[in-house]
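Working notes, beginning with the structure itself.
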Amino acid sequence: MMLTAEEKIEIARYRMEKAKRLLRDADTLFQSSSFESSINRAYYAILNASRSLLILRGIEAETHEGTKTMLSKEFIKTGLLPREFGETFRSIQARRIDSDYGDYIEIGVEEASDSIRKARTFVEKAEEVLNATIEKAE
């Protein structure tokens with residue numbers, strides 16, 4: 001199904017708002033000392049912010065890895081997002097997988113705090129790029 005430019009923008013904005021809600025959830029979970037769950041929400045904030053950008057290009061990756069790859073190709077390698085965002089995506093994804101599926105994995109306050117901080121920076125910058133891209137298209 002082909003989306004119109006307006007539909008892509010609407011979906012992109014929705015996904016960005018969802019990313020921001022997930023960040024708020026990460027903060028709430030962190031405050032409750034639910035560090036594993038806070039990392040999960042921080043990761044999904046990054047994923048949704050990434051998907052928000054990609055839909056503007058008509059890209060719907062089918063997997064998390066595909067999202068990461070296409071984000072790198074379309075936004076990081078082109079200089080629209082900082083290079084370190086590729087590492088941010090990868091490292092928070094790895095923490096999420098470890099905390100969600102690993103046995104005897106203990107996530108502490110420092111790892112959780114770092115994940116939320118990096119996710120917040122990622123989402124804020126992705127939203128700037130999203131808004132600039134939409135402005136240019138309108």
When hydrophobic residues are tied together by side-chain contacts of less than 4.5 Å, even through go-betweens, does [X] share a cluster with [Y]?
{"X": "I97", "Y": "L22", "result": "no"}
{"X": "M70", "Y": "L56", "result": "yes"}
{"X": "V123", "Y": "L54", "result": "yes"}
{"X": "L3", "Y": "Y14", "result": "no"}

For the residue pair [X] and [Y], what are the closest heavy atoms and their distance?
{"X": "E74", "Y": "I59", "value": "CG-CD1, 3.5 Å"}
{"X": "A12", "Y": "L130", "value": "CB-CD1, 3.6 Å"}
{"X": "L23", "Y": "I116", "value": "CD2-O, 4.2 Å"}
{"X": "S38", "Y": "F30", "value": "CB-N, 3.8 Å"}
{"X": "I39", "Y": "S99", "value": "CG2-OG, 4.3 Å"}
{"X": "T88", "Y": "I46", "value": "CG2-CD1, 4.0 Å"}

To the nearest 0.5 Å, what is the distance between [atom1] ([X]) and [atom2] ([Y])?
{"X": "L29", "Y": "S37", "atom1": "CG", "atom2": "OG", "answer": "5.5 Å"}
{"X": "R13", "Y": "E17", "atom1": "CZ", "atom2": "CD", "answer": "10.0 Å"}
{"X": "K18", "Y": "N48", "atom1": "NZ", "atom2": "CG", "answer": "5.0 Å"}
{"X": "H64", "Y": "T69", "atom1": "NE2", "atom2": "OG1", "answer": "12.5 Å"}
{"X": "R57", "Y": "I55", "atom1": "CZ", "atom2": "CD1", "answer": "12.5 Å"}
{"X": "I11", "Y": "M16", "atom1": "CD1", "atom2": "CE", "answer": "14.0 Å"}

(request) Kindly confirm or rule out a cation-pi arrangement of R83 over F75, judged by NZ or CZ under 6.0 Å from the six-membered ring centre and within 45° of its axis? (result)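 That pair does not qualify as a cation-pi contact.
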(message) How about CD on E84, more than 12 heavy atoms from neighbouring residues, nucleotides or ligands closer than 6.0 Å, or not?
(response)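 Counting neighbours around CD of E84, more than 12 heavy atoms of other residues, nucleotides or ligands fall under 6.0 Å, so yes.
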Do [Y] and [X] meet the salt-bridge criterion of a basic N to acidic O distance under 4.0 Å?
{"X": "D114", "Y": "R117", "value": "yes"}
{"X": "R120", "Y": "D27", "value": "yes"}
{"X": "E60", "Y": "R15", "value": "yes"}
{"X": "K20", "Y": "E127", "value": "yes"}

(request) Determine the interplanar angle of the F85 and F122 rings, folded into 0 to 90°, and report it as parallel if under 30°, tilted if 30 to 60°, perpendicular if over 60°. (result)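 The rings of F85 and F122 lie parallel, inter-plane angle below 30°.
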(request) Check the angle between the aromatic planes of F89 and Y43 and answer parallel, tilted or perpendicular using the 30° and 60° thresholds. (result)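 If you compare the ring of F89 with that of Y43, the planes turn out perpendicular.
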(message) Are S50 and K68 packed together at the side-chain level, in the sense that at least one heavy-atom pair is separated by less than 4.5 angstrom?
(response)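 No, their side chains stay 4.5 Å or more apart.
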(message) Applying side chain to side chain contact (heavy atoms under 4.5 Å, CB included) to R96 and Y44, what does each step give before you reach the verdict?
(response) CA-CA 9 Å; R96 198 266 316 172; Y44 279 100; 3.6 Å; yes
(request) Taking E7 for its side chain and T4 for its backbone only, find out whether a donor-acceptor pair lies under 3.5 Å. (result)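 Yes, the answer is positive, given that a donor and an acceptor are paired below the 3.5 Å cut-off.
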(message) Holding to salt bridge (charged side-chain N to carboxylate O under 4.0 Å, His left out), I want the full list of residues that pass it with E36, two or more places apart in sequence or in another chain.
(response)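 Residues passing salt bridge (charged side-chain N to carboxylate O under 4.0 Å, His left out) with E36: none at all.
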